[in-house]
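First up is the structure itself, then whatever we jot down about it.
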Protein chains: 2
Amino acid sequence: MTPQVKYLPASERRAVTVDTVIELAAEQNPDSITTAAIAQRMGLTQGAVFRHFPNKDAILQAVMEWVAERLLFLVDKAARAAPSPLAALEAMFMAHVNFIIKHPGIPRILFGELQHADETIPKRIVQTLTHQYRERLHRLIEKGKANKELDANLDREAAAFLFIGMIQGLVMQSLLAGDVGRISHDAPRVFAIFRQGIRSTR
Amino acid sequence: MTPQVKYLPASERRAVTVDTVIELAAEQNPDSITTAAIAQRMGLTQGAVFRHFPNKDAILQAVMEWVAERLLFLVDKAARAAPSPLAALEAMFMAHVNFIIKHPGIPRILFGELQHADETIPKRIVQTLTHQYRERLHRLIEKGKANKELDANLDREAAAFLFIGMIQGLVMQSLLAGDVGRISHDAPRVFAIFRQGIRSTR
DNA sequence: CTGTAAAGATAGTAATCAATTACTATCTTT
DNA sequence: AAAGATAGTAATTGATTACTATCTTTACAG
């Protein structure tokens, strides 16, 4: 996908490298993506990669930073455009799901990072991301309670948990089936049950 | 944990190897568990492992088979002992969660397997497992509908999805926090929302 | 047009890991 | 207790991988 152009300015090369890693992660186990594979996909030799990153971890770190920034941006945009807290939750959900459909490699990289036992820098970025993500969910849920849209007794932490869990589940099933397209089919149906679980009982 | 005894009969050695891999997976990235590490943990040399398994993949395969069999057994037992379909779903959920708390390495191995792009044998075992798991969920949901416990219009596939997704989410959060104990605290709260989402609206 | 700094190519190194092989220790059976 | 079977050892091999040192090409400013 990403064009194979030589002699890019350093900042562009770093951006292309990030794109390439995400692209490769959609096709193979992210942990087994070699610097040689990244270079080949860009049309460079392996050594050239190290002109732009001090080591391999720095590449992954750049990927994680891009993902965190981009995902939060898209999700915020979707939530802002929604007319009510509950609608915002659904919009956020669908925006997240669509982001994953567009970049199927990303959840795989995320999962892979979480596997590492030690506290790597990429893992810390994921932690910060999910923390900020949960904060947004908590805020929307409280607004929904004030709004009477959501059950006043709703356990907001558990609800935020379930929200993220739904996405996890969708991703896992699509990994199992090897079919990313299924997600867009299943996502609204799953959200419907969630909605029933959190909304106020009239 | 597993005792370091030499000259075990082949079948026992294979069983100990499986235990050891699950043990190691709780401590480090499953993909980076080397045959040397497995051997060392058992008190053997690296080469000895290959006396009992033709290659490394066969070890993982044995692990997956053990997990699939054991999980389905525990989950079935829990469901059978429950007084109603909805209670069975909850019992199944808690049995699954407790299984993971006891063996935190297992979900990590599972995730790791799903990452592989090609159709490996371990991946196929996971597919079979989740298929059988979903069948059980579908059956319980239909029973619950007949029983009037569950909403007659409930989308059973989406509900099964969400059920598995909840567990995924709990596991992922515990991986993030590096604290398996949190699961037992959060699991019932998350299930409560799920219950609200699927039960019949009286 | 040309000098130069940045980007990339080439050709390595050291470390790691799965797998193999020739040999040895231990158990089991009769 | 001898003989055969089973389990484990020690050393090695070939492949892979992140990373590096040195040389070459390109883009572009003046």
Side-chain angles (χ1 to χ4, degrees), chain A residues 2-21 24-25 27-64 109 112-113 115-118 120-122, chain B residues 2-21 24-25 27-64 109 112-113 115-118 120-122:
Chain A
T2 32
Q4 294 202 12
V5 187
K6 273 189 188 178
Y7 296 101
L8 289 179
S11 66
E12 270 186 58
R13 179 56 74 203
R14 282 194 296 271
V16 170
T17 307
V18 167
D19 288 350
T20 302
V21 170
L24 283 169
E27 300 163 20
Q28 58 178 287
N29 187 347
D31 261 348
S32 70
I33 294 174
T34 63
T35 52
I38 298 168
Q40 191 189 29
R41 183 63 67 101
M42 289 193 292
L44 300 184
T45 56
Q46 190 240 6
V49 174
F50 288 91
R51 285 254 163 256
H52 304 285
F53 295 92
N55 51 49
K56 199 188 176 186
D57 274 353
I59 301 174
L60 244 162
Q61 190 181 329
V63 171
M64 297 312 311
I109 296 173
E113 263 333 292
Q115 297 281 23
H116 296 95
D118 48 343
T120 60
I121 296 168
Chain B
T2 33
Q4 293 202 14
V5 187
K6 271 191 191 178
Y7 297 102
L8 288 179
S11 67
E12 270 185 59
R13 177 58 72 203
R14 282 196 294 271
V16 170
T17 306
V18 167
D19 288 350
T20 302
V21 170
L24 284 169
E27 300 163 20
Q28 58 179 289
N29 188 348
D31 261 347
S32 70
I33 294 174
T34 65
T35 53
I38 298 168
Q40 190 188 30
R41 183 64 66 103
M42 290 194 289
L44 299 184
T45 55
Q46 185 245 356
V49 174
F50 289 91
R51 287 264 161 262
H52 304 286
F53 296 92
N55 51 50
K56 198 187 176 186
D57 274 352
I59 301 174
L60 245 161
Q61 189 179 329
V63 170
M64 297 313 310
I109 296 173
E113 263 332 293
Q115 298 279 24
H116 296 97
D118 47 344
T120 60
I121 296 168

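Chain naming here is simple, since letters A, B, ... match the order of the sequence lines and numbering starts at 1 in each. Predicted, not measured: the structure shown is a model, and the values here were computed from it.
With rounding to whole Å, B:F53 atom CZ is found 15 Å from D:dG8 atom C1'. At whole-Å resolution of the value, CG in A:N29 and P in D:dT16 are 17 Å apart. One atom, CG of A:L60, and another, C1' of D:dA18, lie 14 Å apart when rounded to the nearest Å. Computed from coordinates, the B:K56 NZ to C:dT20 P distance equals 15 Å when rounded to whole Å. B:D31 places its CG atom 13 Å from the P atom of C:dC17, with the value rounded to the nearest Å. Computed from coordinates, the A:L8 CG to C:dA9 C1' distance equals 16 Å when rounded to whole Å. Separating the CG atom of B:L44 from the P atom of D:dA10 is a distance of 11 Å, rounded to the nearest angstrom. Rounded to whole Å, the distance from CD1 on A:I59 to C1' on D:dT17 is 13 Å.
Looking at the side chain of A:F50, the nearest of the listed nucleotides C:dT10, D:dT9, D:dT20 is D:dT20. When distances run from any side-chain atom of A:N55 to the nucleotides C:dT10, D:dC19, D:dG8, the shortest one goes to D:dC19. Picking from C:dA9, C:dA7, D:dA7 the nucleotide with the shortest atom distance to the side chain of A:A48 gives C:dA9. Of the candidates C:dA9, C:dA22, D:dT17, the closest approach to any side-chain atom of B:R51 belongs to C:dA22.
Using a 4.0 Å heavy-atom criterion, one finds that B:T45 contacts the bases of the nucleic acid, with or without backbone contacts as well.
Residue B:R13 places no side-chain N or O under 4.0 Å from the OP1 or OP2 atom of D:dT6. Phosphate contact (OP1/OP2 of C:dA6, side-chain N/O of A:H52, threshold under 4.0 Å): absent.
Here the closest non-hydrogen pair linking B:A62 and B:F53 is CB-CE2, 3.9 Å. When all heavy atoms of A:P122 and A:M64 are compared, the pair lying nearest together is CB-CG, 3.8 Å.
Within 6.0 Å of CD in A:Q40 there are 12 or fewer heavy atoms belonging to other residues, nucleotides or ligands.
Side-chain atoms of A:E12 and A:H52, non-hydrogen and from C-beta on, never get closer than 4.5 Å to each other.
Taking 3.5 Å as the limit, the base of C:dC17 and the side chain of B:Q46 contain no donor-acceptor pair of atoms between them.
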Passes side chain to side chain contact (heavy atoms under 4.5 Å, CB included), A:L44 versus A:I38? Steps please.
CA-CA 8 Å; A:L44 300 184; A:I38 298 168; over 6 Å; no
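Summarising the base pairing, C:dA19 is matched to D:dT12 through a Watson-Crick or G-U wobble pair whose two defining distances lie under 3.5 Å. Applying the Watson-Crick and G-U wobble criteria (two distances, each under 3.5 Å), C:dC27 pairs with D:dG4.
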